[in-house]
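Below is one structure, written out as structure tokens; the observations come after it.
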There are 2 protein chains.
Amino acid sequence: MTTEEAQRRTSGVSATTATSTGEFGIANPARSTAWAGAVQAGARVLPEHARSHNRALVLQALFRAEGLSRADLAREVGLTRVTISDLISDLINENLVIELGVRTDSRPGKPATMLDINRNGFVVVGLDLSFNSRFRGAVTNLDGTVLHREELDVTGVTGTEAVEATALILERLVAAATAPILGVGVGSPGIVDATGTVLSAPNLGWKDLPLQQILSMRAQLPVQVANDANIAALAERTFGGGGADMMLVRAGRGVGSGLIVGGQQVYGSGSAAGEIGHVMVGTDGGDTCVCGKSGCLETWLAIPRIEARLANATTEAEREAILREAGERLGIATAPIVGALNLGEVVLSGPSELIDGPLIAAAADTLRDRTMAEFVGDLSVRMTTLGRDIIVLGAVVMVLTGQLGVY
Amino acid sequence: MTTEEAQRRTSGVSATTATSTGEFGIANPARSTAWAGAVQAGARVLPEHARSHNRALVLQALFRAEGLSRADLAREVGLTRVTISDLISDLINENLVIELGVRTDSRPGKPATMLDINRNGFVVVGLDLSFNSRFRGAVTNLDGTVLHREELDVTGVTGTEAVEATALILERLVAAATAPILGVGVGSPGIVDATGTVLSAPNLGWKDLPLQQILSMRAQLPVQVANDANIAALAERTFGGGGADMMLVRAGRGVGSGLIVGGQQVYGSGSAAGEIGHVMVGTDGGDTCVCGKSGCLETWLAIPRIEARLANATTEAEREAILREAGERLGIATAPIVGALNLGEVVLSGPSELIDGPLIAAAADTLRDRTMAEFVGDLSVRMTTLGRDIIVLGAVVMVLTGQLGVY
DNA sequence: TTTGTTAGTAAAGGTCACTAACAAACAAAA
DNA sequence: TTTTGTTTGTTAGTGACCTTTACTAACAAA
């Protein structure tokens with residue numbers, strides 16, 4: 001049997017994904033069950049792929065609406081009760097699904113046995129490398145509920161040292177896990193390709209760093225690495241009520257974004273989708289940017305820049321004008337994107353004391369003024385509700401998608 | 001058996017898709033074999049879906065590279081020779097694939113039997129409703145080679161009359177078909193939803209018009225309707241060598257665009273993706289637009305506007321400046337889109353005597369100036385090579401995708 | 001108690017792609 | 001010329017998968 005065939009024969013997620021003893025080194029390698037992987041152009045479909053797709057559908061349905069019976073699932077997914085029973089039997093054996101007992105409400109017919117994803121039977125480890133001077137991480141259950149946190153100061157740490165720091169915080173999180181670890185998700189700044197290689201992350205001094213491979217080898221766990229803003233968009237989509245056509249803009253030290261188009265994450269031709277920080281805004285100049293150009297979105301919207309301007313503001317009106325201008329510039333930059341993609345939502349993530357107020361209001365006004373009302377009539381511009389944990393939650397979504405096919 | 005079950009049982013494209021006698025009214029109803037349809041969220045996958053997906057893969061491989069044997073296909077697609085033989089047997093029975101005879105070159109082993117899609121065994125009807133005063137249409141083979149053309153003057157024709165005109169030109173094209181018609185593709189201006197309903201097309205006086213349904217009933221053929229610029233993007237992707245992350249901008253009476261992201265067409269939250277004509281460009285005003293705003297992309301790039309400006313130009317330098325300015329504005333408007341989506345290509349479609357020259361050069365320069373070179377380094381900005389037939393070719397792609405799953 | 005409904009399971013059947021094995025047809029080496 | 005090895009395409013049989021059909025269990029309502 002060839003390697004490829006062996007892989008093809010492997011389906012499902014083994015229930016023994018990782019030991020919960022906390023050893024940093026015992027678990028199964030990364031592997032994808034997701035249907036998405038099989039749908040790529042040129043990929044044939046075998047019966048077993050159909051099975052894992054249907055299996056993912058069942059998990060998705062259970063994930064979204066707890067308290068479903070086998071019969072409910074059959075109606076929801078469109079398969080027969082027989083097939084659902086068979087799939088559920090597998091999932092129960094793998095400890096991914098549990099029976100909650102019989103339905104209590106009074107209805108004719110045999111009472112249903114309620115099912116749910118075993119939300120506490122596995123945990124996910126999420127890492128957020130996007131902060132300037134500290135790495136953050138958390139252990140969560142499958143709902144994204146944080147069970148344990150770790151932080152690590154990394155001021156001035158770059159290159160290999162930064163990799164070691166990442167491995168260290170991961171090790172601590174793995175040790176803190178109280179249930180088998182389904183997988184590890186990492187949100188990194190910079191450009192990250194589909195294989196989890198950090199092509200470029202200037203702040204961390206990383207270039208062509210195969211972070212996913214490194215961490216996966218070290219932890220012996222399935223690891224997935226993606227850009228922080230992209231991962232935030234995933235989180236908003238799954239946990240924040242984000243729609244199928246959505247943009248998440250993240251303002252921090254720089255400005256980045258993640259895009260969901262047609263329900264799918266956008267990666268871009270060079271894995272650099274969402275990088276809007278250095279797109280010039282308007283035709284009337286602006287401050288000089290670190291990149292050499294003038295009037296980049298970052299010069300208007302990066303938090304340090306806003307804070308510097310606000311430091312000179314003496315009155316509340318001045319303060320508001322500064323924030324409104326930042327919002328306007330965001331609106332100017334995103335209007336063509338919103339129009340071209342016919343987005344339904346623009347979600348902002350960042351320090352709410354700065355963003356949630358005049359800034360976001362001005363962005364919404366500007367967006368509406370500069371696009372065609374007929375097309376963007378029901379555009380929603382809002383803050384994320386996920387707060388500072390958004391990257392960690394995105395990591396959960398990545399792992400759920402990668403390991404279970406849930407999204 | 002329920003309707004849904006009956007549909008589920010129906011797979012493949014019957015070889016008797018339509019009579020070639022030219023009667024306007026004898027054929028089978030629209031039906032989708034495409035895998036894409038089955039991959040939607042919440043859609044279960046049955047073995048037969050797997051089969052039609054694999055079938056589509058075989059057709060795709062044959063479509064792209066003629067002169068493949070069964071064994072070649074097995075290697076290409078990843079299925080076994082046995083399975084390929086079985087699929088090919090079906091396809092030959094349906095007259096979609098033909099044997100070309102044995103391979104002539106001298107190699108060890110049994111000589112292979114060459115296969116090809118029966119490119120002239122079926123025809124496709126394409127309709128282009130995007131011109132101001134005339135409807136254009138063509139009958140093509142499966143390669144997109146035009147076999148017959150029809151035109152119809154529709155100056156001042158709107159509403160129901162325009163629908164009748166569409167039906168008339170379609171009837172003529174169907175009558176001219178010399179082989180069974182695989183399907184009909186229609187490129188319409190305005191907003192068209194996924195069901196082929198024209199939600200809004202002011203120029204034609206259409207609003208919530210179920211054009212696909214109307215034409216499908218009239219012609220008794222599978223009909224697919226989509227926005228003209230979107231369909232043009234499809235054509236560029238399949239016949240024009242367009243990449244997986246691409247934008248096609250169409251300048252005509254107005255300005256529209258079509259987007260391909262991650263190899264997939266973008267539809268948008270309100271089916272209005274690509275509508276960039278009324279996005280404001282820059283922060284320095286501009287001419288008043290019919291929409292009421294100032295400085296919309298259309299005021300810079302719509303062909304009538306450019307022509308009006310050129311009429312006042314006396315020197316070649318003035319003429320070039322006007323064209324360069326139009327290109328610059330296009331670059332300003334598309335820079336955020338190119339950056340956010342990390343597009344690899346921007347393709348222009350329209351009158352080449354105006355677009356292909358200073359305009360496109362200025363657009364390329366502006367795009368590069370206003371984005372981050374690191375991210376858009378290998379961005380290609382160019383004219384389409386498909387000329388005026390681009391909409392008709394897009395119709396072919398729609399039909400191939402919808403009826404055969406080829407894309 | 002009877003009737004009707006709903007949940008879940010068991011057995012049998014059809015579809016699909018796979019493996020194994022083989023004949024046909026050729027080139028190249030012996 | 002014969003033998004060997006390669007490649008193509010087919011036949012036969014197998015296992016995976018989901019369906020249909022039919023059943024039991026468990027309940028509400030008449």
Side-chain angles (χ1 to χ4, degrees), chain A residues 1-2 4-6 8-12 35 38 43-55 57-58 67-90 92 97 99-115, chain B residues 1-2 4-6 8-12 35 38 43-55 57-58 67-90 92 97 99-115:
Chain A
M1 208 188 247
T2 67
E4 196 226 11
E5 277 167 336
R8 191 200 300 168
R9 298 263 158 250
T10 310
S11 75
W35 182 253
R44 74 215 182 288
V45 173
L46 305 177
E48 62 208 85
H49 294 132
R51 176 103 175 158
S52 52
H53 174 76
N54 290 333
R55 181 190 142 99
L57 288 180
V58 168
L68 293 174
S69 68
R70 291 172 175 83
D72 292 335
L73 282 167
R75 281 182 290 262
E76 182 99 356
V77 176
L79 293 162
T80 60
R81 293 199 304 273
V82 180
T83 304
I84 293 292
S85 281
D86 196 42
L87 285 165
I88 289 293
S89 156
D90 283 359
I92 287 179
V97 168
E99 293 191 336
L100 297 176
V102 296
R103 183 179 271 151
T104 53
D105 59 348
S106 173
R107 305 199 293 187
K110 176 178 171 180
T113 311
M114 307 311 287
L115 302 169
Chain B
M1 208 187 248
T2 67
E4 197 228 9
E5 277 167 337
R8 191 200 299 168
R9 299 264 156 251
T10 311
S11 75
W35 182 253
R44 73 214 182 288
V45 173
L46 306 178
E48 63 209 82
H49 294 133
R51 177 111 174 147
S52 51
H53 173 77
N54 290 332
R55 181 190 141 101
L57 288 180
V58 169
L68 293 173
S69 68
R70 290 171 176 82
D72 293 334
L73 282 167
R75 280 183 290 262
E76 182 98 359
V77 176
L79 295 162
T80 61
R81 293 200 305 273
V82 181
T83 304
I84 294 292
S85 280
D86 196 42
L87 285 165
I88 289 293
S89 156
D90 283 0
I92 287 179
V97 167
E99 292 192 336
L100 297 175
V102 296
R103 183 179 271 151
T104 53
D105 58 348
S106 174
R107 305 199 293 189
K110 176 179 171 178
T113 311
M114 307 311 286
L115 303 168

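So you know, we letter chains A, B, ... as the sequences are listed, proteins then strands, and number each from 1.
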*Check whether any side-chain heavy atom of A/E99 lies under 4.5 Å from a side-chain heavy atom of A/I92, and answer yes or no.*
yes

*Take atom CE of A/M114 and atom P of C/dT6, then tell me their distance rounded to the nearest Å.*
16 Å

*Measure the distance from CG on A/N54 to P on D/dC17 and round it to the nearest whole Å.*
10 Å

*Could you check B/L87, B/L79, B/V58, B/L57 and say which one makes a side-chain contact (heavy atoms from CB on, under 4.5 Å) with B/L73?*
B/V58

*Full working for salt bridge (charged side-chain N to carboxylate O under 4.0 Å, His left out) between B/R55 and B/E48*: CA-CA 10 Å; B/R55 181 190 141 101; B/E48 63 209 82; over 6 Å; no

*asked:* Check this one for me: any side-chain N or O of A/T83 less than 4.0 Å away from OP1 or OP2 of D/dT19?
replied: yes

*asked:* Taking 4.0 Å as the cut-off, does a side-chain nitrogen or oxygen of A/R75 come that near to OP1 or OP2 on C/dA7?
replied: yes

*Once you round it to whole Å, what is the distance between C1' of C/dT15 and CD of A/E48?*
15 Å

*Can you check the A/L57 CG to D/dC18 C1' distance for me, whole Å?*
14 Å

*Shortest side-chain distance from B/A112, nucleotide among C/dA7, D/dG9, C/dC18*: D/dG9

*Determine the contact category for B/I84: base if any of its heavy atoms lies under 4.0 Å from a base atom, sugar-phosphate if only primed atoms, P, OP1 or OP2 are that close, otherwise nothing.*
nothing

*Hey, does the side chain of B/T80 come within less than 4.0 Å of C/dA17's phosphate (OP1/OP2), counting only N and O?*
no

*asked:* From CG of B/L79 over to P of D/dG9, roughly how many Å is that when rounded to an integer?
replied: 15 Å

*State which residues pass side-chain hydrogen bond (donor to acceptor under 3.5 Å, both in side chains) with B/T80; sequence neighbours excluded, sorted by chain then number.*
B/T83

*Show your reasoning for whether salt bridge (charged side-chain N to carboxylate O under 4.0 Å, His left out) applies to A/R51 and A/D86.*
CA-CA 11 Å; A/R51 176 103 175 158; A/D86 196 42; 2.9 Å; yes

*Can you tell me how far C1' of C/dC18 sits from CG of A/L46, to the nearest Å?*
8 Å

Could you pull out the protein-nucleic contacts involving nucleotides 9-14 of chain C (nitrogen or oxygen on both sides, under 3.5 Å)?
{"unit_1": "C/dT9", "atom_1": "OP2", "unit_2": "A/S85", "atom_2": "OG", "d": "2.7"}

*Using 4.0 Å as the upper bound for N to carboxylate O, is an ion pair formed by A/R44 and B/E76?*
no

_Please report the interatomic distance CG(B/D90) to OG(B/S85), rounded to the nearest 0.5 Å._
11.0 Å

*Take A/I88 and A/L115 through the side-chain contact (heavy atoms from CB on, under 4.5 Å) test and state the conclusion after the steps.*
CA-CA 9 Å; A/I88 289 293; A/L115 302 169; 3.8 Å; yes

*Would you say A/M114 and A/L68 make side-chain contact, with heavy atoms under 4.5 Å?*
no

*Closest heavy-atom contact between A/A74 and A/I84?*
CA-CG1, 3.6 Å

*Taking protein heavy atoms under 4.0 Å as touching, what does nucleotides 25-30 of chain C look like 5' to 3' if B marks base contact, S marks sugar-phosphate-only contact and - marks none?*
BBS---

*According to a strict under-4.0 Å criterion, is B/R55 in side-chain N/O contact with OP1 or OP2 of C/dT15?*
no

*Please list, chain by chain and in numerical order, all residues satisfying salt bridge (Lys or Arg N to Asp or Glu O under 4.0 Å) with B/D72, sequence neighbours excluded.*
B/R75, B/R103

*Reading DNA chain D 5' to 3', what string of ( ), [ ], | and . shows its pairs, if Watson-Crick and G-U wobble pairs count only when both distances fall under 3.5 Å?*
||||||||||||||||||||||||||||||

*Can you list the residues that meet the side chain to side chain contact (heavy atoms under 4.5 Å, CB included) rule with A/S89, with sequence neighbours excluded?*
A/N93

_If I take atom CG in residue A/L115 and atom P in nucleotide C/dG8, what distance separates them, rounded to the nearest angstrom?_
7 Å

_Between C1' of C/dC18 and CZ of A/R44, the distance in whole Å_ = 11 Å

